[in-house]
Amino acid sequence: MVQSSHTSANFFLLADSVVLGLLQFYAPWCGYCKKLEPVWYDVGAELKSSGSPVRVGKMDGTAYSGMSSEFGVRGYPTIKLLKGDLAYNYKGPRTKDDIVEFANRVAGPAVRALPSKQMFDHMMKRHDVLFVYFGGESPLKEKYIDMAAELIVYTYFFSASEDVLPESVTLPELPSVVVFKDGAYFTYDEYVDGGLSSWVNKERFQSYLQIDGFTLYELGETGTVYILYSTNLLTSTRVAKEYREHFNRDFQFGHMDGNDYINSLIMGEVSVPSIIILNTSNEQYFLPSEPVETLEQLVHFINSVLDGSAQAQGGDGMFQRVKRVAFDAKSTIMSVFRSSPVLGCFLFGLPLGVISLMCYGICTAESDDGQEDMELMKRDDEEEEDDEEDEPRQAPGELEGPEEDGENEEEEEQEKNPDDKKAD
């Protein structure tokens, strides 16, 4: 496996000298990147041993943030296949077989030819969903090639002549785009199905799926889709096949083991077994008001969702967003404590301890300031008391003043008295 030595020069050497490159952007601190490391090595070894022209490398996205921004990297790990001037994102399961299959599919031509009936039969057995263009040069073929160049990251696209078809397959007209799946075939009708890309994006899934996180993510990208999770495989499969014309445009049917993932989606608790319908466009979900045990009851429940009579729960409103933040935070904390209690105590106990010390310091500082204020007030009171004690001592002196004034008045009268006496 050829790996980048984490320098931009070596990366450009890889990009310029090799037309096809499978590049992983990683971060040294990323746990998922570390988990992917042995798988990534096996991917490189597998592609090299098979003679694939795809070269495999990786780059530290944190050390070369400019390069990461140029390629639109928003998280780690991110896997991209570089093909000329194009960069294709990989969004599937991080397993060796899935990544190798992605690299080989995207590295080849967008549309592969099926020159013989034997080759057509071989591809029919190999692929659960098979898209084939039948006919010669036409505007429809040009649209088909453009669409295939865009959606090659998800599935294969083929072209063939009408001669390779088995006798059981009859096309209404040529040229045609046909999808083979679920033991049947369906023809694209521009007037009924709309755009070719949207039709292919919808039909690239089987009618009934084993749904996991990656599948759900891909289903969400197709637009407004109601996904029915059911544990009643027989009833749900019958609805998916027998009522295709009624529900195929709006619904994708599937099964999911357990309820952990769906519980995290709805931020609630769903019992097992159960049936739930999820609207991928606004995160609303619907639960049946009564037990669903028969085909007729399931069809009635689906129709109630379509006509709006079923009660919707959840959604993407402000309250639900706040609830999502709180739920994710709680889930993260619980998962950390379950996986490593010591690490959980360190991660969450240390910040709480620091915050507690800060609060204690603030409270202590306020109490010290309060003591100083009390001491100052006591000192002021003592000084006032001393002043009050000095005031009585000066009071007698102040009372002597009027007596002196009285003596002076008597002297003045005595001075005046001799004349008065003479007059007498």
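These figures come from a predicted structure and were not determined experimentally.
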- Q297 side chain vs T294 backbone, donor-acceptor pair below 3.5 Å: yes
- Task: Kindly indicate whether the side chain of E150, heavy atoms from C-beta on, has any atom under 4.5 Å from the side chain of S197.
- Result: yes
- Message: With rounding to the nearest 0.5 angstrom, report the OH to CG distance, Y285 to L278.
- Response: 10.0 Å
- Message: Determine whether a donor-acceptor pair (N or O, by modelled atom type, separation under 3.5 Å) exists between the side chain of K80 and the backbone of F71.
- Response: yes
- For T62 and D60, does a side-chain donor sit closer than 3.5 Å to a side-chain acceptor? yes
- Message: Could you tell me if the side chain of R94 sits less than 4.5 Å from the side chain of V39, heavy atoms only?
- Response: no
- Message: Name the residue from W40, Y90, Y88 that meets the side chain to side chain contact (heavy atoms under 4.5 Å, CB included) definition with L22.
- Response: W40
- Query: For R204, which residues count as a salt bridge (charged side-chain N to carboxylate O under 4.0 Å, His left out) partner, sequence neighbours excluded?
  - Reply: E218
Return a table of donor-acceptor pairs under 3.5 angstrom between the side chains of residues 125-135 and protein atoms on other chains or two or more places apart.
{"residue": "Y133", "atom": "OH", "partner": "G136", "partner atom": "O", "Å": "2.6"}
{"residue": "Y133", "atom": "OH", "partner": "S138", "partner atom": "OG", "Å": "2.7"}

- With a 4.5 Å heavy-atom cut-off, do E190 and K143 have their side chains touching? yes
- Item | Inter-residue atom distance K35.NZ - C33.SG, 0.5 Å rounding | 12.0 Å
- Please answer whether the main-chain N or O of R74 pairs with a side-chain N or O of T78 as donor and acceptor at a distance below 3.5 Å. no
- Message: I'd like to know whether V177 forms a side-chain contact (heavy atoms from CB on, under 4.5 Å) with T187, so could you lay out the CA-CA distance, the side-chain angles of the two residues, the decisive distance to 0.1 Å, and finally the verdict.
- Response: CA-CA 6 Å; V177 178; T187 305; over 6 Å; no
Taking distance alone, no hydrogens or angles, what donor-acceptor pairs closer than 3.5 Å link side-chain atoms of residues 157-169 to residues at least two apart or in another chain?
none

- Let me see the working for S198 and N201 under side-chain hydrogen bond (donor to acceptor under 3.5 Å, both in side chains), right down to the final yes or no. CA-CA 5 Å; S198 60; N201 216 4; over 6 Å; no
- Item | M119 atom CE, over 12 foreign heavy atoms within 6.0 Å | no
- Query: E101: what forms a salt bridge (charged side-chain N to carboxylate O under 4.0 Å, His left out) with it, not counting sequence neighbours?
  - Reply: R105
- Could you grab the distance from atom CG of L81 to atom CD1 of I99, nearest 0.5 Å is fine? 11.5 Å
- Audit row: D307, S309, side-chain hydrogen bond (donor to acceptor under 3.5 Å, both in side chains) steps and yes/no: CA-CA 6 Å; D307 62 25; S309 61; 2.7 Å; yes
- Message: On a heavy-atom basis, which atom in G108 and which in R112 lie closest, and how many Å separate them?
- Response: CA-NH2, 3.4 Å
- Note on the structure: Note: L47 and A103 closest approach over all heavy atoms is CD1-CB, 4.2 Å
- Item | pair D97-V100: side-chain heavy atoms closer than 4.5 Å | no
- Task: Find the distance between NZ (K83) and CD1 (I152) and round it off to the nearest 0.5 Å.
- Result: 7.0 Å
- Message: To check you understand the geometry: which heavy-atom pair defines the closest contact between S68 and F25, and what is its length?
- Response: OG-CD2, 3.8 Å
- Note on the structure: Correct closest heavy-atom pair for A312 and Q284 would be CB-OE1, 3.6 Å
- Query: Once the angle between the rings of F180 and F120 is folded into 0 to 90°, is it parallel (under 30°), tilted (30 to 60°) or perpendicular (over 60°)?
  - Reply: perpendicular
- Does a side-chain heavy-atom distance below 4.5 Å link K202 with R249? no
- Given M59 and Q24, is the side-chain contact (heavy atoms from CB on, under 4.5 Å) satisfied, shown in steps? CA-CA 6 Å; M59 171 174 285; Q24 177 203 164; over 6 Å; no
- Report the distance from atom CG of N104 to atom CD of E46, rounding to the nearest 0.5 Å. 8.5 Å
- Aromatic ring centroids of Y26 and Y76 under 6.0 Å? no
- Note on the structure: The reported gap from CG in L140 to OH in Y144 (rounded to nearest 0.5 angstrom) is 9.5 Å
- Message: So I277 and F301, do their side chains get closer than 4.5 Å, heavy atoms only?
- Response: yes
What side-chain donor-acceptor pairs closer than 3.5 Å can you find for residues 239-246, not counting sequence neighbours?
{"residue": "E242", "atom": "OE2", "partner": "R238", "partner atom": "NE", "Å": "3.1"}
{"residue": "R244", "atom": "NH1", "partner": "N248", "partner atom": "OD1", "Å": "3.2"}
{"residue": "R244", "atom": "NH2", "partner": "E203", "partner atom": "OE1", "Å": "3.3"}
{"residue": "R244", "atom": "NH2", "partner": "E203", "partner atom": "OE2", "Å": "2.8"}

- Sequence-distant partners of S52, side chain to side chain donor-acceptor pair (under 3.5 Å), two or more places apart: none
- Message: Quick check: closest heavy atoms across V292 and P288, and the distance to 0.1 Å?
- Response: CG2-CB, 3.7 Å
- Task: Go through the steps for F247 and N303 under the test side-chain contact (heavy atoms from CB on, under 4.5 Å), then give the verdict.
- Result: CA-CA 9 Å; F247 302 136; N303 283 324; 3.5 Å; yes
- Note on the structure: Correct closest heavy-atom pair for L82 and A87 would be CD2-CB, 3.8 Å
- Task: Output yes when a side-chain donor or acceptor of Q252 lies under 3.5 Å from a complementary backbone atom of S207, and no otherwise.
- Result: yes
- Would you mind reporting whether L171 and V178 have side-chain heavy atoms less than 4.5 Å apart? yes
- Message: Contact between S289 and Q311 at the side-chain level, heavy atoms closer than 4.5 Å - yes or no?
- Response: no
